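We name chains A, B, ... by the order of the sequence lines, and we start the count at 1 in each one. Only a predicted model underlies this, so the values are computations on that prediction, with no experimental measurement involved.
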There are 2 protein chains.
Amino acid sequence: MGKTDLNNWQAVQAEVLRRIHTRIWVPGELIPTEQALAQEFGCARATVNRALQAVSDAGLLERRRKAGTRVALHPVRKAKLDIPILRQEIEGLGHRYGYHALISQTQTPPQTVQTQMQADVGDTFLRVKSVQSADGAPFVFEDRWINLTTVPTAAQADFSQISANEWLVINAPFSHGEIAFSALNADAEVAAQLVVQQGAAIFVIDRITWDENRAVTSVRQFFQAGYQMQTRL
Amino acid sequence: MGKTDLNNWQAVQAEVLRRIHTRIWVPGELIPTEQALAQEFGCARATVNRALQAVSDAGLLERRRKAGTRVALHPVRKAKLDIPILRQEIEGLGHRYGYHALISQTQTPPQTVQTQMQADVGDTFLRVKSVQSADGAPFVFEDRWINLTTVPTAAQADFSQISANEWLVINAPFSHGEIAFSALNADAEVAAQLVVQQGAAIFVIDRITWDENRAVTSVRQFFQAGYQMQTRL
DNA sequence: GAGTGGTCTAGACCACACA
DNA sequence: GTGTGGTCTAGACCACTCT
């Protein structure tokens, strides 16, 4: 046996991936138990477990107690997306970041927004529209609702100076959120703010964040035409 | 001390998240060492480590050897995206899945595609255009290039019967990939295939997959107008 | 040099899902 | 019941990076 032991979980992971890619382990088939692999690889079962969990997280293995571990038939590819923090993204590219508030006023949201945010009767809302720019060119137009009943201190914030996003990150903790990506044609307002033609295809992010069961904020961001959001598989 | 010990890593994680959300631990500040927390929580250091790693993966903590663990100043939100497998997504919604190949022929890709795929001189390519539908209504129009030098067996595949994606999943392993999301206006061809007006905003996914350093396939998918891709934070 | 997180080990017990 | 993965423990050593 000239075979060297695999003494760390990355090595085990690499070997597991190799066996999947080269079809030594066929999709749908059971692979050996952790115990068997630990023996074969000459390491502890916990090390094998760590490696298999990582591969399972990536969507290539399906694990169930008692049933064992099998190679995924339909490897749902799970991509990890870093939601961009615009200031960082812009400054990281060597551009000058700019922020400009358009409006900031209490207002009653349309029914669709109220439903999404599961607003109670009597909740009041702050609407903030703003543009963020790179080297003076508009980059993102943002339309945001903040639930003042959840975050009362937002009423005193000066959103002409600080972006709502940065203020909220500092002052309004949230427990979870939902995010959706889509494409929309620029309407007159979006076209004007982003300086594109009406009807141009715009990449849109909708986000709602919650603190436990109370909606904190709902925001729709319109990205400059041509914007791409990238990641790796 | 009515305090009960935290005897599993999820409980530790919950307590850590609580301290971050309630600002007991302030962004930018160091938190206690794993050893100290293990003592406080009455569990093993490995358990604390597991919990802190999970929170760190979520982007809320930044950990460095020797420097310690601190609460992230700019919590880059990392979302886990499940790249949709269309057949599953459509059938999961209770619709009838359909696949229809439009063309499948060897062809020379435009320069941009060749560059993206880092094609060598002499590489030959198969182009496959297809439409996938839900209950007969077009859902996705797909334009794909397959590198026949990397995957020679694809030349014999019958893409009028099986979708290129499913064939590749079964027959062409890949090691990694890149994916990008954007918005485009429908051109004449896209509009015709998706039965939408020209210029309609279309959600687009571009994907390139690699087997080691050789490009396997490059695909652009145009989604029906109004499509949203959703996930949680 | 020294302190922190990263990982491995060996053993143990538990939870779950299958027969 | 029984076998599998999921997790915890206590201890140990290592790798990195800061001073």
Which of residues 25-38 of chain B have a heavy atom under 4.0 Å from DNA chain C?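 Here the set is Thr33(B), Glu34(B).
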DNA chain C-proximal residues of residues 42-58 of chain B, any heavy atom under 4.0 Å: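 Those residues whose heavy atoms fall under 4.0 Å from DNA chain C, taken from residues 42-58 of chain B in numerical order, are Arg45(B), Asn49(B), Gln53(B).
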Check whether any side-chain heavy atom of [X] sits under 4.5 Å from a side-chain heavy atom of [Y], and report yes or no.
X         : Y         : answer
Leu61(B)  : Ile20(B)  : yes
Ile31(B)  : Leu52(B)  : yes
Val71(B)  : Arg19(B)  : no
Gln132(B) : Asn165(B) : no

Taking any atom under 4.0 angstrom from a heavy atom of chain B, which nucleotides of DNA chain D are the first and last to qualify, 5' to 3'?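 Taking any atom under 4.0 Å from a heavy atom of chain B, the span is dT7(D) to dC18(D).
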Quick test of your reading: applying salt bridge (charged side-chain N to carboxylate O under 4.0 Å, His left out), list the pairs with at least one residue in residues 152-175 of chain B, sequence neighbours left out, ordered by first then second residue.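 Every salt bridge (charged side-chain N to carboxylate O under 4.0 Å, His left out) pair that includes a residue of residues 152-175 of chain B, provided the two are not neighbours, is Arg87(B)-Glu166(B).
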Angle between ring planes, [X] versus [Y], binned at 30° and 60°: parallel, tilted or perpendicular?
X         : Y         : value
Phe139(B) : Tyr227(B) : perpendicular
Phe181(B) : Phe181(A) : parallel
Phe125(A) : Trp145(A) : perpendicular

Could you tell me whether a side-chain N or O of [X] sits under 3.5 Å from a main-chain N or O of [Y], the two making a donor and an acceptor?
X         : Y         : value
Gln35(A)  : Arg45(A)  : no
Thr150(A) : Ala215(A) : yes
Asp211(B) : Arg214(B) : no
Asp135(A) : Arg96(A)  : yes
Asp120(A) : Asp123(A) : no

Please report the closest heavy-atom contact between Leu81(A) and Gln230(A), naming both atoms and the distance.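 Heavy atoms of Leu81(A) and Gln230(A) come nearest at CD2-O, 4.3 Å.
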Exercise: identify the closest heavy-atom pair between Glu178(B) and Trp210(B):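 For Glu178(B) and Trp210(B), the tightest heavy-atom pair comes out as OE2-NE1, 3.3 Å.
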What does Gln10(A) touch in the nucleic acid at a heavy-atom separation under 4.0 angstrom: a base, only the sugar-phosphate, or nothing?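 Sugar-phosphate, no base atom in range.
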Below 3.5 Å is the cut-off: list the nitrogen or oxygen pairs between protein and nucleotides 16-19 of chain C, distance only.
{"unit_1": "dC18(C)", "atom_1": "OP1", "unit_2": "Arg64(A)", "atom_2": "NE", "d": "3.3"}
{"unit_1": "dC18(C)", "atom_1": "OP1", "unit_2": "Arg64(A)", "atom_2": "NH2", "d": "2.5"}

Of all the base pairs, Watson-Crick or G-U under 3.5 Å, which form stems of three or more consecutive pairs involving DNA chain C?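 So far as stems of 3 or more pairs are concerned, DNA chain C shows C:1-18 with D:1-18.
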